[in-house]
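Model, not experiment: these values are computed from the prediction. Naming convention: chains lettered A, B, ... in sequence-line order (proteins, then strands); numbering from 1 in each chain.
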Amino acid sequence: MKQTIPIVENILSANDKVAAENRARLEAAGVFAVNLMASPGAGKTSLILATLAALEGRLRLGVIEGDLAGSIDADKAAAAGIPAVQINTGGECHLDAVMVRGALDSLPLDRIDLLIVENVGNLVCPAAFALGTRINLLTASIPEGDDKPYKYPGMYRGVQALVINKIDLLPYVPFNMDYFRRGVEALNPGVVTFPLSCRTGEGLPAFADWIVAQVQHGRHKNPD
Amino acid sequence: MHEMVVTESILRITLDHAARAKAVRVCAISIKLGQLSSLVDDSIRFYWELIAADTIAEKAELRFERVPARALCLDCAAEFALAKDSFTCPSCKSERFKITAGEEMTVESIEVEAP
């Protein structure tokens with residue numbers, strides 16, 4: 001006998017469930033986690049290292065690095081003295097909540113205030129997979145071009161903050177900031193943005209101050 | 001984008017619900033995909049052939065319902081189809097809007113044979 005079973009279940013619900021567990025675990029440990037997304041080469045790792053410097057010891061940082069292969073980024077973070085775990089996705093185009101759950105086991109969560117999860121460089125897939133972080137942060141960069149919000153609306157819609165990196169290249173690259181910002185504003189009205197340059201350091205203090213405020217605002221554990 | 005993972009999830013959801021209904025065969029699966037989900041039907045079908053083999057859903061027909069992206073203008077309250085390369089309300093040219101459809105990604109129902 002044939003019968004139709006109504007389901008209406010989100011296809012990625014299994015991932016969302018693990019993401020909720022990760023989120024609860026991070027909050028219980030008093031860790032403020034950020035899902036850092038961008039295209040390859042936008043400066044995600046540079047932003048982490050520059051933020052570490054700009055924080056001047058105000059927060060204890062930890063890093064999860066997602067890459068298809070290798071440990072170059074985790075090595076850079078470790079060399080800077082940051083507890084770092086590398087996740088090799090083995091070709092998968094994004095991090096998912098299960099991968100992050102595994103990485104959390106390897107981190108000293110009780111000694112981390114701010115955990116930056118550096119996603120795989122990709123503007124399409126990572127937006128669909130919740131990891132359990134508190135906020136999604138997108139790093140755009142000037143050489144990518146000003147049309148990216150229009151081409152990757154899913155990514156631009158799903159973030160709570162936007163860094164515009166490599167502003168030191170504005171004099172050399174055709175990039176219409178008004179056009180770019182109009183696209184961002186249409187997709188994600190009022191999203192907080194930080195134009196900066198990891199290379200020159202311009203704009204980094206404002207970003208670092210904002211992140212400190214976010215962590216303090218969202219903090220559950222008492223400072224020790 | 002990541003159709004392999006998505007196809008695995010569709011299969012897991014299908015087999016879970018089929019087992020609960022004590023089904024012996026899954027005949028069809030209705031899947032709703034929004035235009036903004038960046039998922040390709042053909043790619044899901046391709047992976048389905050590989051991973052659903054030797055399950056009770058092996059021969060299931062995949063029925064895709066595509067949902068076009070729609071938006072509600074926050075200034076003039078017009079509802080409009082969202083174009084791929086323009087984020088402007090056709091009535092009042094405002095660029096402030098809320099997406100009302102097009103992000104769906106759900107298994108809607110399955111059709112099974114139960115004893």
Side-chain angles (χ1 to χ4, degrees), chain A residues 1-18 37 66 68 89-99 119-120 122-130 146-158 178-191, chain B residues 1-14 16-18 20-39 44 69 71 73-74 82-89 94-99 102-115:
Chain A
M1 190 187 71
K2 274 198 185 180
Q3 68 181 96
T4 300
I5 305 171
I7 296 178
V8 196
E9 181 171 336
N10 189 305
I11 291 174
L12 297 178
S13 59
N15 181 75
D16 292 345
K17 195 163 155 261
V18 177
M37 297 178 282
L68 299 189
T89 63
E92 202 63 77
C93 46
H94 56 271
L95 290 180
D96 66 30
V98 175
M99 297 181 207
N119 218 312
V120 178
N122 179 344
L123 289 180
V124 184
C125 313
F129 291 84
D146 49 23
D147 57 358
K148 291 301 164 287
Y150 302 88
K151 287 189 170 174
Y152 301 94
M155 174 61 72
Y156 276 82
R157 272 170 55 69
D178 280 346
Y179 178 66
F180 176 83
R181 282 186 179 276
R182 277 215 315 278
V184 171
E185 189 59 26
L187 292 164
N188 198 333
V191 66
Chain B
M1 47 175 185
H2 35 256
E3 278 79 354
M4 177 72 182
V5 179
V6 164
T7 311
E8 283 170 349
S9 291
I10 294 171
L11 180 63
R12 182 193 55 76
I13 292 169
T14 300
D16 276 1
H17 287 269
R20 253 179 265 169
K22 301 192 173 25
V24 290
R25 200 164 79 85
V26 180
C27 311
I29 303 163
S30 296
I31 298 158
K32 194 183 262 188
L33 295 181
Q35 181 193 322
L36 302 170
S37 71
S38 316
L39 292 169
I44 293 177
C73 177
L74 295 177
L82 206 56
K84 281 217 165 88
D85 49 357
S86 157
F87 300 145
T88 311
C89 169
S94 163
E95 291 179 334
R96 297 181 343 108
F97 61 85
K98 186 174 89 179
I99 289 181
E103 296 185 305
E104 297 78 0
M105 221 165 133
T106 51
V107 176
E108 288 291 299
S109 65
I110 58 175
E111 206 177 285
V112 300
E113 245 172 56

Largest heavy-atom contact set with chain A, pairs under 4.5 Å, which of B:Arg12, B:Arg96, B:Lys32: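 Result: the option with the highest number of such pairs is B:Arg12.
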
Approximate separation, where rounding is to 0.5 Å, of A:Cys93 SG and B:Met4 CE: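 Here the rounded value is 12.0 Å.
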
Spacing of A:Cys125 atom SG and B:Glu3 atom CD [to the nearest 0.5 Å]: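 One finds 8.0 Å between SG of A:Cys125 and CD of B:Glu3.
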
Side chain to side chain, A:Asp96 and B:His2, heavy atoms closer than 4.5 Å: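 The answer is no; the side chains never approach within 4.5 Å.
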
Exercise: identify the closest heavy-atom pair between [X] and [Y]:
X        : Y      : result
A:Ile11  : B:Ser9 : O-CB, 3.0 Å
B:Ser109 : A:Pro6 : CB-CA, 3.9 Å
B:Ile13  : A:Ile7 : CG2-CG2, 3.9 Å
A:Leu12  : B:Val6 : CD2-CG2, 4.3 Å

Check whether [X] gets within reach of chain A through its side chain, its backbone, both or neither, counting any heavy atom under 4.5 Å.
X        : result
B:Glu103 : side chain
B:Val5   : side chain
B:Leu74  : neither
B:Arg20  : neither

side-chain hydrogen bond (donor to acceptor under 3.5 Å, both in side chains) partners of B:His17, counting only residues at least two apart: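 Partners of B:His17 under the side-chain hydrogen bond (donor to acceptor under 3.5 Å, both in side chains) test: A:Glu9.
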
